[in-house]
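Because the structure is a prediction, the values reported are computed rather than measured.
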Amino acid sequence: MSAKFSFQRLASCNQTKARAGIFFTPHGPVETPRFMPVGTLANVKTLTPAQLQDTGAQMILCNTYHLHLQPGEAIVAGGGGLHKFMGWNAPVLTDSGGFQVFSLSEMRKISEEGVTFRSPHDGQIINLTPERSIEIQSILGADVIMAFDECPPYPASREQVEAATQRTYRWLERCIVAHQCREQALFGIVQGGVHLDLRSAAAIALTKLDLPGYAIGGVSVGEPPELVAKIVQATAPLLPPEKPRYLMGIGTFREMAIAIASGVDLFDCVIPTRWARHGTAMVLSERWNLKNAKFREDFTPLDETCPCYTCQNFSRAYLSHLVRSQEILAYTLLSIHNITELIRFTQRIRKAILENRFSTEFAKWLTPENAECPVDKDLELIED
């Protein structure tokens, strides 16, 4: 690991594999475990950097694929790199673009060299290879960059998953060779689908490469929650204890709690801002559709215990009014609250680990029986 990056474990749970620590980066420390908001196109939707900072966010994720298409990495570099371009002087992680490319399905062609796809913006043919992904991320200037991987769909045959997992390793080797910037930490990604033996073999192989950090990928592509839990519980303990562990695409209370109990440190998900744009608030682990009539004359805050700007200044009735009126302010206020809610949850867990209370205080989140309130059936999810 570069001298500019390090991970310090401060405490461990004596009943689980949960740990509290600090991940040091060139743009500041990240206290773990921690939820990272997603800023796909160099912005967390509807929020200013100042508003984002007030939520407690310490590190955010940006999307290599989308930024390559619009505005292009050269423009971001011309603006001083991601941090200066977007006005966020704190740690940034960029994904490799692999998940987005492989989700194109009919529009892309995979080979050992990389992936060729047609840009959905202008139809231009784009060839994305491990080397090109690293080059783009280097130009963007994030603190943490991700290796280019092949993310197999769910369901997929064992043969398909095994081939994708082996190719992900070969591509990682090429990413390591292409990666020359010591100002950036390159994380490898463990694939393997729902096959625990493939996950185990991949994790063991990746640890031998001695990377600055490791991610568990391919667990938010449609698998049932119980399978996701088994994958994380089997994989995370195999990763080096002295390196940060990142679970990609996860952001519900239960998923994060189970993952933290397995030894995971970092998470990201589009849920808080995506739901906000549909008038949905996350309150005490429940999901509230503010279009419901019961909120129209409810003049209490969303959560009286929440310190966020939204809860300190506005009522459920006002938020319901904004949502029903399709006012843009609704999406901002709900995004502020939802992100704060998830970050506060990981902060509370961190404090509990430091005080050796995690396994008792958060026990209800560590069993499959504790299903979270389902999202409203009419809540249409869109691409973030």
Neighbour count >12 (heavy atoms, 6.0 Å) for atom [atom1], [X]:
| X | atom1 | answer |
| --- | --- | --- |
| Arg296 | CZ | no |
| Gln326 | CD | no |
| Gln312 | CD | yes |
| Ile328 | CD1 | no |

Would a single hydrophobic cluster contain both Phe5 and Met36, if residues Ile, Leu, Val, Met, Phe, Trp and Tyr are joined by side-chain heavy-atom contacts under 4.5 Å? yes
Charged N to carboxylate O under 4.0 angstrom, [X] versus [Y]?
| X | Y | value |
| --- | --- | --- |
| Asp210 | Lys243 | yes |
| Glu113 | Arg174 | yes |
| Arg9 | Asp265 | no |
| Lys4 | Glu183 | yes |

State, yes or no, whether a side-chain contact exists between His83 and His27 at a heavy-atom distance under 4.5 Å. yes
Pairwise side-chain contact, Gln58 with Gln53, heavy-atom cut-off 4.5 Å (strictly under): no
Are Trp171 and Glu173 linked by a side-chain donor-acceptor pair shorter than 3.5 Å? no
Validation: residues 227-235 side-chain donor-acceptor distances under 3.5 Å, sequence neighbours left out:
{"unit_1": "Thr235", "atom_1": "OG1", "unit_2": "Ile231", "atom_2": "O", "d": "2.7"}

Tyr65 vs Asp95, side-chain hydrogen bond (donor to acceptor under 3.5 Å, both in side chains): CA-CA, chis, key distance, verdict: CA-CA 8 Å; Tyr65 165 81; Asp95 61 12; over 6 Å; no
Val44 and Thr273: side-chain contact (heavy atoms from CB on, under 4.5 Å), yes or no, with the steps? CA-CA 8 Å; Val44 175; Thr273 50; 3.8 Å; yes
Could you walk me through whether Gln137 and Ser133 satisfy the side-chain hydrogen bond (donor to acceptor under 3.5 Å, both in side chains) test, starting with their C-alpha distance in whole Å, then the side-chain angles of each, then the deciding distance to 0.1 Å, before giving a yes or no? CA-CA 6 Å; Gln137 293 184 81; Ser133 174; 3.2 Å; yes
State which residue, out of Ile349, Leu266, Thr346, fulfils the side-chain contact (heavy atoms from CB on, under 4.5 Å) condition with Thr32. Leu266
Per the side-chain contact (heavy atoms from CB on, under 4.5 Å) rule, which among Pro240, Pro244, Pro212 passes with Phe7? Pro244
With sequence neighbours excluded, tell me which residues meet side-chain contact (heavy atoms from CB on, under 4.5 Å) with Lys17. Pro237
Could you walk me through whether Glu255 and Thr252 pass side-chain hydrogen bond (donor to acceptor under 3.5 Å, both in side chains), step by step? CA-CA 5 Å; Glu255 288 172 325; Thr252 68; 2.9 Å; yes
So, taking the atom named CD1 in Ile136 and the one named CD1 in Ile145, what distance separates them when rounded to the nearest 0.5 Å? 11.0 Å
Anything under 30° is parallel, anything over 60° is perpendicular, the rest tilted; go ahead and classify Phe253 against Phe345. parallel
Would you call the rings of Phe314 and Tyr318 parallel, tilted or perpendicular, taking 30° and 60° as the class edges? parallel
